[in-house]
Protein chains: 2
Amino acid sequence: MSKNAQTVAPEPPIKIDAMLCFAIYGAAHAFTRTYKPLLEPLGLTYPQYLVMVALWEEDAQTVKALGERLGLDSGTLSPLLKRLEQAGLVARKRNREDERQVNVHLTEQGLTMKAEAASVTANIGKAIGCSLDEAVALRDAVNALKGRLDGAE
Amino acid sequence: MSKNAQTVAPEPPIKIDAMLCFAIYGAAHAFTRTYKPLLEPLGLTYPQYLVMVALWEEDAQTVKALGERLGLDSGTLSPLLKRLEQAGLVARKRNREDERQVNVHLTEQGLTMKAEAASVTANIGKAIGCSLDEAVALRDAVNALKGRLDGAE
DNA sequence: CGCAATTCAATTGCGCACAATCTAATTACG
DNA sequence: CGTAATTAGATTGTGCGCAATTGAATTGCG
């Protein structure tokens with residue numbers, strides 16, 4: 001309101017960035033905070049949970065594949081996977097045919113946790129508080145935005 | 001491509017969380033990566049830029065007010081503000097009437113930077129690659145989601 | 001007034017997130 | 001072959017992000 005009085009009428013350089021970047025930034029943190037207490041009983045952090053979800057969807061992926069799925073590089077994943085390994089949830093072993101690759105797979109315990117994590121999904125579903133259709137539409141819109149941001153590098 | 005062929009019809013415990021949390025998580029990082037090269041000439045990180053945007057909108061806020069605007073606590077803001085102060089962009093001084101509060105305000109240099117940052121906004125607008133109406137709709141949807149997540153604590 | 005409770009920042013510790021760098025293994029090419 | 005270029009993963013350094021603690025200042029209440 002205390003904007004200067006001679007402001008433009010059309011104003012093309014709208015604050016389109018401040019709008020969306022604040023919103024996405026805040027929503028990402030809101031997700032982290034919502035998940036945190038639900039994941040605490042499992043002893044997982046939010047990024048660790050995302051890795052586990054990726055492995056529950058498809059077991060035995062390379063570090064590179066996980067990185068592409070989650071948009072993370074080895075600098076983030078290496079120590080994270082080391083902690084998951086120390087917790088007994090995953091195991092890593094080098095590919096015999098290509099010794100550069102490290103294959104990450106679930107342990108018995110890691111597979112067992114999938115069932116325990118079902119309640120997490122249920123509770124988040126409640127917290128999201130909208131219909132599946134709305135959630136799908138929002139996901140698609142956000143993913144489309146992400147695609148445009150990634151493509152515009 | 002290797003999706004399972006026997007996809008569900010009912011399945012109540014849908015992966016509603018995995019859908020959205022992956023999307024938001026990835027979009028937040030995509031924003032960070034898109035902004036990074038644009039902010040480099042200014043010597044700002046993405047969170048530092050968000051603090052500057054908040055101060056350009058309204059100068060002279062307390063640490064607490066900034067924290068509420070951005071959803072960050074003092075543990076994050078204190079060192080971040082210290083770096084902005086060292087860069088000569090903001091100054092901090094304790095409130096005379098209530099010595100517990102620290103008021104953060106822009107320096108001459110910090111105010112000047114607002115004009116330089118205009119091109120950042122323009123470039124992001126291009127990278128977002130959708131109409132203002134779409135951006136507003138998406139922002140509102142994301143903010144509504146964020147509100148429900150925050151409210152459901 | 002005196003003292004407990006509250007409030008605001010700062011600090012500490014741990015875990016991401018990423019650029020840059022490094023090592024080792026594989027592939028490509030002359 | 002053998003050397004260069006590429007690829008996968010790990011390491012290092014900087015900067016968030018947050019819980020928990022600390023410390024100082026203010027407020028509330030008898």
Side-chain angles (χ1 to χ4, degrees), chain A residues 21 24-37 39-40 42-52 61-87 90 92-104 150 153, chain B residues 21 25-37 39-40 43-52 61-87 90 92-104 150 153:
Chain A
C21 72
I24 298 282
Y25 183 78
H29 292 166
F31 256 115
T32 303
R33 281 191 294 270
T34 304
Y35 270 101
K36 188 178 234 292
L39 294 176
E40 197 157 328
L42 301 179
L44 292 177
T45 66
Y46 181 60
Q48 287 168 8
Y49 169 74
L50 294 183
V51 169
M52 293 301 288
Q61 301 187 52
T62 63
V63 174
K64 181 178 181 57
L66 285 171
E68 283 172 355
R69 177 82 172 94
L70 302 171
L72 300 173
D73 69 359
S74 68
T76 300
L77 281 176
S78 286
L80 187 157
L81 291 170
K82 210 172 278 186
R83 281 184 281 272
L84 286 180
E85 186 172 42
Q86 202 149 19
V90 308
R92 295 181 296 167
K93 65 168 189 264
R94 295 215 165 256
N95 189 329
R96 292 270 173 267
E97 292 164 14
D98 186 340
E99 293 274 347
R100 293 171 305 181
Q101 299 181 28
V102 171
N103 204 275
V104 181
D150 287 342
E153 282 168 7
Chain B
C21 71
Y25 182 77
H29 291 166
F31 257 116
T32 303
R33 281 192 293 269
T34 304
Y35 271 101
K36 187 177 236 294
L39 294 175
E40 197 158 328
L44 293 176
T45 66
Y46 181 60
Q48 288 168 8
Y49 169 74
L50 295 183
V51 169
M52 294 300 288
Q61 301 187 50
T62 63
V63 174
K64 182 179 178 59
L66 284 171
E68 284 171 354
R69 177 84 173 93
L70 302 171
L72 300 174
D73 70 359
S74 66
T76 300
L77 283 176
S78 287
L80 187 157
L81 291 170
K82 209 173 280 186
R83 281 184 281 271
L84 286 181
E85 187 172 42
Q86 201 148 18
V90 307
R92 294 180 297 165
K93 66 168 190 261
R94 295 214 166 257
N95 189 328
R96 294 265 176 271
E97 292 164 14
D98 186 341
E99 294 272 347
R100 290 171 306 181
Q101 299 180 28
V102 171
N103 204 275
V104 181
D150 288 341
E153 284 168 5

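Any value given below was found using the heavy atoms of this structure, including those in side chains, with hydrogens, waters and symmetry copies removed. Just so we're on the same page: letters track the sequence lines, and every chain starts at 1. Please read these numbers as outputs of a predicted model, since none were measured by experiment.
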With nearest nucleotides of DNA chain C determined for R96(A) and T45(A) from heavy-atom distances, which residue corresponds to the more 5′ nucleotide? T45(A)
On the nucleotide [N], are OP1 or OP2 found under 4.0 Å from the side-chain N or O atoms that [X] carries?
X       : N       : value
K82(B)  : dT11(C) : yes
Y25(A)  : dG17(D) : yes
R94(B)  : dA25(D) : no
R83(A)  : dC16(C) : yes
Q48(B)  : dC16(D) : yes
R100(B) : dT6(C)  : no
S78(B)  : dA10(C) : yes
R33(A)  : dC18(D) : yes

Which pair of heavy atoms, one from L39(A) and one from Y46(A), lies closest together, and at what distance? CD1-CA, 3.8 Å
Interatomic distance where [atom1] belongs to [X] and [atom2] belongs to [N] [whole Å]:
X       : N       : atom1 : atom2 : result
L39(B)  : dG15(D) : CG    : P     : 15 Å
H29(B)  : dA17(C) : NE2   : P     : 5 Å
L44(B)  : dT14(D) : CG    : P     : 19 Å
L81(A)  : dT11(D) : CG    : P     : 12 Å
N103(B) : dC8(C)  : CG    : P     : 14 Å
E97(A)  : dA8(D)  : CD    : P     : 15 Å
K64(B)  : dA9(C)  : NZ    : P     : 8 Å
Y35(A)  : dC16(C) : OH    : C1'   : 17 Å

Taking C-beta and beyond as the side chain, do [X] and [Y] meet within less than 4.5 Å on heavy atoms?
X       : Y      : value
D150(A) : R33(B) : yes
V90(B)  : M52(B) : yes
Y25(A)  : L72(B) : yes

Given DNA chain D, 5'-ward residue of the pair L77(A) and D98(B), judged by closest heavy atom: L77(A)
Please compare T32(A) and V102(A) by the position of their nearest nucleotide in DNA chain D and report the one closer to 5'. V102(A)
Considering every strand shown, what is the Watson-Crick or G-U wobble mate of dG30(D) when both distances are under 3.5 Å? dC1(C)
Whether R94(B) side chain and N103(B) backbone form a donor-acceptor pair below 3.5 Å: no
Nearest to the side chain of [X], which nucleotide is it out of [options]?
X      : options                   : value
E99(B) : dT26(D), dA17(C), dA19(D) : dT26(D)
T62(B) : dA25(D), dA9(C), dC18(D)  : dA9(C)
S74(A) : dT11(D), dA19(C), dA8(D)  : dT11(D)

Mind checking G67(B) for me? I need base, sugar-phosphate or nothing, with any heavy atom below 4.0 Å counting as a touch. nothing
Looking at residues at least two apart in the chain, or sitting in another chain, which of them share a side-chain contact (heavy atoms from CB on, under 4.5 Å) with Q48(A)? L44(A), T45(A), L80(A), R83(A), L84(A)
